[in-house]
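Working notes, beginning with the structure itself.
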Number of protein chains: 2
Amino acid sequence: MATISRYMNRNAPVSQEAGERISQVMMDLNYTPHAAARHLATRRTQTIGIVVHNIHTDFFPPLLSGVEQVVSENQYNLLVATYKASETKNQPPLGPHNTDGMLVFADCLSDEQLTQMCIIKFPLVLLYRTPPPYLKIPFITIENKAATCKLIDHLIEAHDRRSIVFLRGPRGQEDSNWREQGYISSLEAHGIPVRSDLMLDGEFRGPSAYLSIKNLIAKNKSCFDAVFAGNDDAAMGVLTALQEAGLRVPEDVSVVGFDDSRLTPFLNPPMTTVRAPTDEVGRVATRQLFNLLQEIPVEQEILLPTEIILRRSCGCVHELVPAL
Amino acid sequence: MATISRYMNRNAPVSQEAGERISQVMMDLNYTPHAAARHLATRRTQTIGIVVHNIHTDFFPPLLSGVEQVVSENQYNLLVATYKASETKNQPPLGPHNTDGMLVFADCLSDEQLTQMCIIKFPLVLLYRTPPPYLKIPFITIENKAATCKLIDHLIEAHDRRSIVFLRGPRGQEDSNWREQGYISSLEAHGIPVRSDLMLDGEFRGPSAYLSIKNLIAKNKSCFDAVFAGNDDAAMGVLTALQEAGLRVPEDVSVVGFDDSRLTPFLNPPMTTVRAPTDEVGRVATRQLFNLLQEIPVEQEILLPTEIILRRSCGCVHELVPAL
DNA sequence: CCTATTGAAGTAACCGGTTACATTAAATCA
DNA sequence: TGATTTAATGTAACCGGTTACTTCAATAGG
């Protein structure tokens with residue numbers, strides 16, 4: 001038995017002959033080692049987990065895809081769970097009991113839950129959020145504020161927009177706050193007053209954004225000339241609401257998003273947005289996590305750059321054909 | 001120890017007092033049971049797996065999302081792996097050793113691999129494929145042929161298209177074959193000859209579709225007046241190629257897709273396509289798998305209906321605003 | 001030639017739960 | 001009241017591997 005184990009793990013010498021017999025018998029019996037037994041004995045699950053809010057918005061696929069890529073390169077398994085601490089009293093479905101480490105998206109886990117996991121030294125990497133100040137957890141974020149600021153600058157300077165609606169993301173999500181800061185600082189830099197009646201909920205989702213814009217239009221159709229949608233998903237909802245109201249994009253209203261998700265160049269009109277390297281976030285974060293697992297020192301903080309992408313929805317002439 | 005186990009699994013009476021002590025201590029110690037130990041003892045992993053080709057195309061998110069929903073309703077874990085038997089010699093990353101059952105997308109696993117798993121009675125449900133005739137594995141498919149046929153009928157009858165390009169999906173994927181059958185039978189029903197020079201590779205992916213159309217245009221710009229793209233992803237590639245060549249959609253060329261993925265109504269022009277209940281496939285399949293796990297008899301074969309959705313890309317007037 | 005080292009394989013404890021079986025006390029029954 | 005059932009708990013084997021420790025033979029070193 002021990003020899004077999006040593007053969008399979010190649011962690012001690014095994015005679016040629018024994019090796020051949022083992023591999024022969026393994027073939028004959030169609031043997032695969034029982035993962036649970038191995039996990040139990042080694043205390044390693046060869047599995048990492050990722051906790052996200054949901055899977056079906058355009059935002060997650062590239063993230064998951066990046067994660068999955070690195071995970072399979074490392075011959076690990078990937079457990080995917082949807083969970084949001086603020087919406088349930090259940091324990092998180094993933095943790096030390098079934099994974100070796102975890103990627104945590106934004107506010108899926110509460111500060112207390114993170115603290116618990118830190119106490120037991122459970123390897124974590126945070127995506128799109130910073131840890132509470134008393135915890136040392138590596139995290140990956142993207143440049144939100146500067147990009148948003150530039151985008152708003154562009155609306156103001158290039159397209160002479162002054163009444164720019166800002167759609168917030170979900171409360172408690174840092175990206176949303178930074179984008180708000182960028183919005184405000186751009187307005188202030190241009191001496192434009194920040195109007196709270198133009199700052200609405202969007203929740204980074206189409207339906208919610210749609211409703212916000214629809215309500216705004218119901219109150220006063222011409223009180224705004226541009227919309228920063230929060231993200232691309234919300235931007236789609238904005239387009240719908242504007243179209244319903246007979247407002248033209250970009251002639252009457254400029255619309256800009258965030259993420260540069262795969263479909264933005266195909267929208268009508270093609271959407272001006274901020275390119276965020278979502279798949280790269282997934283890859284980098286997963287590599288960080290694997291480093292943690294091997295106790296290789298990791299950078300505490302990684303900030304990935306973003307870049308504004310001008311297309312037609314802000315008012316720019318845009319003759320480029322969508323890239324694939 | 002046994003009492004604790006019984007308390008946690010509630011499968012034998014435990015005194016009130018003992019129960020309280022246990023739960024108290026569990027809180028104090030911040031105890032979570034070790035999944036691997038449990039798996040080893042019970043021979044159940046409380047985990048199901050899904051094998052797909054990749055995650056990042058628009059097709060998979062709704063599928064995964066549907067699966068994940070049912071999985072978490074059942075308090076199970078979900079292992080996600082990308083794998084394609086035809087592209088590697090490695091063993092599949094998922095199987096009896098780490099899951100209780102598996103969902104298998106299309107041709108991710110080979111017939112031999114399926115056979116192996118059947119021999120050991122490993123619960124499987126197939127997505128978008130039928131099992132080889134000698135295996136009894138429940139499967140979920142969608143109505144491909146009739147829908148494609150109707151869509152081609154529509155191009156011919158409503159828009160007077162005669163030279164309709166057909167972009168194939170990946171070889172070995174049944175959906176693609178059925179769609180081809182639908183295409184052919186519609187042409188035949190209208191007495192239009194089936195031209196092999198109009199049947200090109202698309203692989204259900206944008207870049208591939210783009211190249212096929214680009215090549216075709218290079219040969220003869222006006223040899224076709226419509227494109228059935230195979231799926232929506234490919235349709236996006238088609239749009240790009242046409243746009244580059246200065247061909248207008250739908251005036252010069254009608255373009256239609258398949259799937260009705262989330263973005264199709266937002267494309268420019270909004271895409272005529274076939275609505276496939278992808279998330280429902282995920283849910284239904286997962287429910288089937290859970291039935292198998294509990295040895296509840298399941299339907300061997302489930303065929304979900306599809307429905308054609310007319311928008312502007314085929315030439316129909318389309319005033320509806322995209323729904324969210 | 002004797003000892004130290006190395007290669008290969010065996011032995012058994014251990015990982016952390018589950019569960020069949022045994023035990024004991026309390027409750028029910030005739 | 002004694003016999004039987006039921007509730008609650010204890011005991012220990014077991015799930016299927018890993019690995020520290022041991023054994024033994026072959027080889028190298030002095």
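Each chain gets a letter, A, B and so on, in the order the sequences are listed, and its residues count up from 1.
Of the candidate nucleotides D:dT9, D:dG16, C:dG10, D:dT9 has the atom lying nearest to any side-chain atom of B:S15. Candidate nucleotides D:dG16, C:dG17, D:dT9 were compared by shortest atom distance to the side chain of A:L40, and D:dG16 ranks first. Comparing D:dG16, C:dT19, C:dC15 by their nearest atom to the side chain of B:T42 picks out C:dT19. Of the candidates D:dC15, C:dT18, C:dA8, C:dT18 carries the atom nearest the B:R38 side chain, counting heavy atoms from C-beta on. Which of D:dG10, D:dG16, C:dT18 sits closest to the side chain of B:T3 comes down to D:dG10.
With DNA chain D read from its 5' end, the first of the two nearest nucleotides for B:Q16 and B:A41 is the one closest to B:Q16.
At a threshold of 4.0 angstrom between heavy atoms, the contacts of B:S5 include nucleobase atoms, whether or not backbone atoms are also involved. Among the protein residues, B:Y7 comes within range of no part of the nucleic acid, since none of its heavy atoms lies under 4.0 Å from any strand. Across all strands shown, B:A36 has no heavy atoms under 4.0 Å from either base or sugar-phosphate atoms. When heavy atoms are screened at a 4.0 angstrom cut-off, B:A12 is found touching no nucleic acid atom at all.
One interatomic measurement links the two molecules: CE of B:M1 to P of C:dG16, which rounds to 10 Å at whole-angstrom precision. For A:I4 and C:dT11, the CD1 to P distance is 13 Å, given to the nearest whole Å. Whole-Å rounding puts the B:H34 NE2 to C:dG17 C1' distance at 10 Å. Taking atom CZ of A:R43 as the reference point, atom C1' of D:dT19 lies 11 Å away to the nearest angstrom. In this structure, CD of B:E20 is placed 17 Å from C1' of D:dT9, rounded to the nearest angstrom.
With rounding to the nearest 0.5 angstrom, the CG atom of B:L40 is 10.5 Å from the NE2 atom of B:H34.
When side chains are defined from C-beta on, B:P33 counts as touching B:R38, because their heavy atoms get closer than 4.5 Å.
Under 4.0 Å is where a charged nitrogen must lie from a carboxylate oxygen, and between B:D233 and A:R262 at least one such pair does. A salt bridge links B:D111 with B:R129: the closest approach of a Lys/Arg side-chain nitrogen to an acidic carboxylate oxygen falls below 4.0 angstrom.
Between A:N11 and D:dT18 there is no side-chain N or O to OP1 or OP2 distance below 4.0 Å.
Interface remark: the B:R6 side chain does form a donor-acceptor pair with the D:dG10 base, using a distance-only criterion of under 3.5 Å.
Each of A:W178, A:F204, A:F105 was evaluated against A:Y128; a single residue qualifies, A:F105, per the ring pair (Phe, Tyr, Trp, His ring centres under 6.0 Å) test.
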